[in-house]
Amino acid sequence: MKVDRRDFLKISGAMVAGMAVGTLGFDLKPVQSHAQMLKTRYAKETTTICCYCGVGCGALVHTSKKGDGRIINIEGDPDHVINRGALCSKGAGLKGLAENTNRLLTPMYRAPFSDKWEEVSWDWAIDRIAQRVKKTRDATFIKTNATGQLVNRTEAIASVGSAAFDNEECWIYQALMRALGLVYIEHQARLCHSSTVPALAETYGRGAMTNHFIDMKNSDCILVMGSNAAETHPISFKWVTEAQRNGATLVSVDPRFTRTSSKADIYAPVRSGSDIAFLGGMIHYILQNSLFQTEYVLHYTNAAFILNPEYKFEKGLFAGFDPKTRSYDKSKWAFQLDADGKPKRDMSLKDPLCVFNQLKKHYSRYDLKTVSSVTGTSEADLLAVYKAFAATGKPDKAGTILYAMGWTQHTVGVQIIRTMAIIQLLLGNVGIAGGGVNALRGESNVQGSTDHGLLFHIWPGYVGVPTAKFQKLEDVLKRRPQSKDPLSLNWWQNEPKYIVSYLKAMFGETATAENEFGYPWMPKLDDGKSYSWLDLFDQMYQRTIKGLFAWGMNPACSGANANKVRKALCNLDWMVNVNLFDNETGSFWKGPGMKPTNIGTEVFMLPACVSVEKEGSITNSGRWMQWRYAGPKPLGNSRPDGDIILELGLKLKEIYQKDGGVFLDPIVNLKWDYRTGHQFDSHKVAKIINGTFTRDIKIGDTEYKAGKQVPTFALLQADGSTACGCWIYSGSYTDAGNMSARRKTDDAANQIGLYPEFAWAWPVNRRILYNRASVDLKGQPSCAKRWVIKWENGKWVGDVPDGPAPPLADADGKPNPNGKHPFIMTLHGFGQLFGPGLNDGPFPEHYEAMECPIEKNPLSDQLHSPTMPIYSTDADRFAATCDPKYPYVCSTYRVSEHWQTGLMTRPQPWLLELQPQVFVEMSEELAALKHIQNGERVIVSTARGSMEATAIVTKRFKPMKIAGTLVYPIGLPYNFGWRWPASGTEESANVLTPFAGDSNTRIPETKTFMANVSKK
Amino acid sequence: MDKAFLIDTTLCTACRGCQVACKQWHDLPAEITKNRGTYENPADLSFNTYKLVRMRETVVDNRLYWLFFPEQCRHCISPPCQDTAGEPGAIYTDPATGAVLYSAETRFLKADDIIASCPYHIPRKSEDGTLAKCDMCNDRVHNGLLPACVQSCPTGAMTFGDRDKVRKLADQRIAEVRKKFPKAVLVDPDDVRVIYLTPFDPKLSFEHAVADSGPIDLTRHLALRKMTRPFTSVIEGILNS
């Protein structure tokens, strides 16, 4: 008897319908057994924040109260306002990170030239590491530099790490490293968003994501470009989807059709490395069609400022270029000042030298035809994107941008972001709900680790690390320029308070006015010298660096030109590698092509515990500081990073005190009382990060007692009466309690999803930066239905206003002399269309990547960025322009299922099941050309290295017409490495990428380079 | 109250949170996989994989689409597998939720018959012949929690609730989606408790998205059993037609 399945279903349905109630016909007993108890019913429940990307999703951890005390379940926290219970594949598998048989559970030691690991005790490891640090430091300490300036530093020890720390761990780690005199202090942030910080700071005043995740729902047009948010920040799509369901247009611009593109209303392909041309074309389109917001542009940006007549742009170069030094004399880019020293403004915008007209002139070359030939995007697609986004240049419309590494990791990374930042100013999209520039940070605490200064160039709170020219404390306290405009708040004029309070936090009572609060103890950089990631590994390759801390990082896979990095590791005397799992960095000496018996590096591999096994805070991409609690105890012999850092500091203090050594002051005076009992106490550090009064003082009419918490940074002092680890976190842990642990789910009066009492956001719990630009001169919102702040009855209501001053005008429109310009962190108080402070130009200009597929730049005579740094060891090999050996434009990226180098996800079976192998994606056209079958293993190669990958032949990549020739894009994820999976066959795509960096931040250019792909 | 899912595939981003959340809650082991020239993995449902996001690249009207389909048991209103088994200790429906549940006793059934009976190609057997598939997280549902997959979903592609409400929601949603995708369909909405919404012909999203209309062998034994039930005339009527 034949019947088809579909009919069978219908038959069964008919039967049941006809059977009616009560004739189910079988015993109901088995059903009863399903009214069962949940496995989590008797477990301890704690909340945590996911440890992967920067969205900051909440999760519930259920830990057994009996037996082994381990985790039974981790699932999304339905009461968390960002994710509302949702989690991506990585978050949903968090239990698989903690309860994982691959974890490192005991300290390991690899002796020089040995071919094996040995298990060692914590005491032995910490003691021996401290001895190694002391020996190297003392032998290499530099009291004075070549010009005789006091610098008190060592250049022979370097540190990379870590955005995987909690905030409190970040802070004590930077304190220890700086007390030791390190200047090579770097971490993930250099590689991910180092270009964001100067780009946004130059344009708006601060370097952070302006809005936050929930706020995306308020947008009318969401442009995702230089990001694949649906895959890399999956839960951001909760709010992107909500915006779409409210009628927003989602635009995806990407060389490859991604999971983000799959949900987009408009998708436009773009050649990797041509983003400035694409966005410059949008500026041209906006100006040509007068789609900007006139009032906003006139009053809140520097459009009306008048440039110095020496300013010019010719043949791809700005005024002031010196080809010998490959640098600009930026004095040529200055604004004209009036007799009072204020910038001259032409409110009629008629002066040809005003910023607005120069902007127009600069981008007049970026017409559709030229832009299309540079980007490979069709003119129709360009127009569709421009039209959709420029439509938000109206007071009642909001457009936002989500971007990430697709923009940051270029030799012109800073300027790509600047281009979009300019567009957002023109359209009046900065400071408003559903607007802003959303720099999506890819690590759960990379915002916090940047805030806490784990970079060579910044102390906590974005206070620039002093260079040698600031020999005295008084020199550095005077370094910030003062504005002559009474309407400019110029917040950075408060920097002296933050510097002195930081030094007080570092050295406690030993920091006094007499000893310049310990300022001479802090290491100084040489003026004009870079100590960034690329320089660090370049120096290591050249054998000047002897010791390395690789803490919560995996540079053997994450660094550009990984083969160079791996060779550099062979030149070290010692390395301390701290991680959850054995990784390609710690075990570099037995990696591909390595001969252990030739490698003298002594390696200590220390097991850190997982985030759910310790307590502390992390800061998400939207600047929300959130507290996490400990579920189970650390597994095996693993320890919280905080305990490892503290123990190491205590041991160093002990041996320096006992045995003496070079320049003891910063080490013995370092304040280091962050234990309760024998354990690291994150609350104690969180309190000093917030700031504490060190003595009784009276500010205004209010008295503050010694030992009390500082309520906000407005009360910090430059006289030593306050100690504060990171001024922007002032207000996070006050006498009212730990603000980051708050969980209230009530929205603010404006009902735009600010949730002001859920967690805490820096600065001063402000959820939308620059919100003073969301109102008109009278303080009334430009968009009434999703207002952020408004001036009502003599005060601001809504979000915490960006600066407390009243509006610029009163209700009658009369100027208020107490008002302030809205961009309080810039010198003059304006959003900067013209940015005179960057190294590679005041306006963004398209230059080709270090390796590129065209011989001539269609936009100017200058092919590459004229100011980009050049590295030239024998390992720094580059493809020639249009090199036939490497004909395809290659990008690296991430998959949703693995995180960063994959070190935390590749050892997890559930995630490896989803993405088991490195792959290379290519168009059907290229595959046909190369006779490559979908799913076969192929070889990808560049001038630096080659690797095997599985071919994914897809419709999602298409060949592009660039300047008349057909260019084939390819791409591969960098989430793999030889250590995991155990097969050892999957490599990091960074063996292919070039050691080329941005002119401002030296972020490596890993998003565009030239490669070949061929059959195995 | 009888429960149901609405899975609006037009909102799915294939983040695969659901796929891992399912394994996490059920403590299911990972499978050893390899890249087969696609992101989709494992290659198929199995005794240890109840939920699998299918991914299909397709061009419709000159436009590229990447369609995602989080595949799982449909918890049929009248489950053929249950009928085929005829063993309430092995396969049964929880009247409280509508979950179609498999017990360890499925190992005594003819596994291949059960598998063949499924119009959606869902059940999978272990080496000893025990059958497994999605259990609607019945333990969670009885305790007032959402199924693990639904809770993990960021975009609202999956919703879960009382069947009558979900059925109405499905109608509202399809009306909304048809503004963007005029050919969108609800798949077998009145036969199943897991109602899929696809933007085009469901088969473009996944081969087994819609109830299979391929021929199966309705064995003599099975036919006989059906005859003994009420309304055999209805069956006969259809079979003879």
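Letters A, B, ... are given to chains in the order of the sequence lines, protein chains preceding strands, and every chain is numbered from 1.
- Test B:T106, B:L101, B:T84 against B:I91 for side-chain contact (heavy atoms from CB on, under 4.5 Å) and you get one pass: B:T106.
- Taking both residues in full, the closest heavy atoms of B:C22 and B:Y50 are given as SG-CB, 3.8 Å, listed atom of the first, atom of the second, then distance.
- The candidate from B:N35, B:T33, B:L64 with the greatest count of non-hydrogen atom pairs under 4.5 Å with chain A is B:N35.
- A perpendicular orientation is assigned to the rings of B:Y65 and B:F200, their planes being inclined by more than 60° (bins at 30° and 60°).
- Side-chain polar atoms of B:T155 and A:T241 form no donor-acceptor pair below 3.5 angstrom.
- Between the A:E987 side chain and the A:E948 main chain, no donor and acceptor come within less than 3.5 Å of each other.
- In this structure, A:W899 has its ring center under 6.0 Å from that of A:Y52.
- Taking the centre and axis of the six-membered ring of A:Y893, the NZ or CZ atom of A:R256 falls inside the cone set by 45° and 6.0 Å.
- Using a 4.5 Å cut-off between heavy atoms, A:A229 makes no contact with chain B at all.
- The parts of B:Q24 that come within reach of chain A are both its backbone and its side chain, each placing non-hydrogen atoms under 4.5 angstrom from that chain.
- Interface residue A:E897: only side-chain heavy atoms are found under 4.5 Å from chain B.
- Of the inter-residue distances, the one linking A:M216 atom CE with A:F237 atom CZ reads 9.5 Å to the nearest 0.5 angstrom.
- No side-chain N or O of A:N228 forms a donor-acceptor pair with one of A:H233 less than 3.5 Å apart.
- Most heavy-atom pairs under 4.5 Å with chain B, from the set A:T258, A:V240, A:N83: that is A:T258.
- At a threshold of 4.5 Å between non-hydrogen side-chain atoms, the residues B:P29 and A:P909 do not count as touching.
- Residue with the most contacts toward chain B among A:Q917, A:E936, A:E231, A:R259: A:R259 (heavy-atom pairs, distance under 4.5 Å).
- With a threshold of 4.5 angstrom between heavy atoms, A:L912 approaches chain B through N, CA, C or O but not through any side-chain atom.
- With a 4.5 angstrom heavy-atom cutoff, A:R937 does not touch chain B via any of its atoms.
- For B:S103, no part lies near chain A; criterion is any non-hydrogen pair under 4.5 Å.
- Comparing B:D27, B:I32, B:V59 by heavy-atom pairs within less than 4.5 Å of chain A, the highest count is held by B:D27.
- Contact annotation for B:L145: only side-chain heavy atoms (C-beta onward) come within less than 4.5 Å of a heavy atom of chain A.
- Among A:G93, A:C88, A:S896, A:P981, the residue with the largest count of heavy-atom pairs under 4.5 Å with chain B is A:C88.
- Residue A:Q908 does not touch chain B at all, counting heavy-atom pairs closer than 4.5 Å.
- Proximity to chain A (any heavy atom under 4.5 Å) is restricted, for B:R36, to the backbone atoms N, CA, C and O.
- Your options are A:V953, A:I72, A:L911, A:D265, and the one with the most heavy-atom pairs under 4.5 Å with chain B is A:D265.
- Ranked by heavy-atom pairs under 4.5 Å with chain A, the first of B:C153, B:A148, B:G156, B:S152 is B:S152.
- For the residue pair B:T49/B:K23, the side-chain donor-acceptor check at 3.5 Å is satisfied.
- Using a 4.5 Å cut-off between heavy atoms, A:K263 contacts chain B through its side chain alone, with no backbone atom that close.
- When the candidates B:E40, B:R63, B:E31, B:E176 are compared by the number of heavy-atom contacts under 4.5 Å with chain A, B:E31 comes out ahead.
- Looking only at atom types and distance, the side chain of B:D94 has a donor-acceptor partner in the side chain of B:H142 under 3.5 Å away.
- Ranked by heavy-atom pairs shorter than 4.5 Å toward chain B, the options A:R84, A:K39, A:Q915 are led by A:K39.
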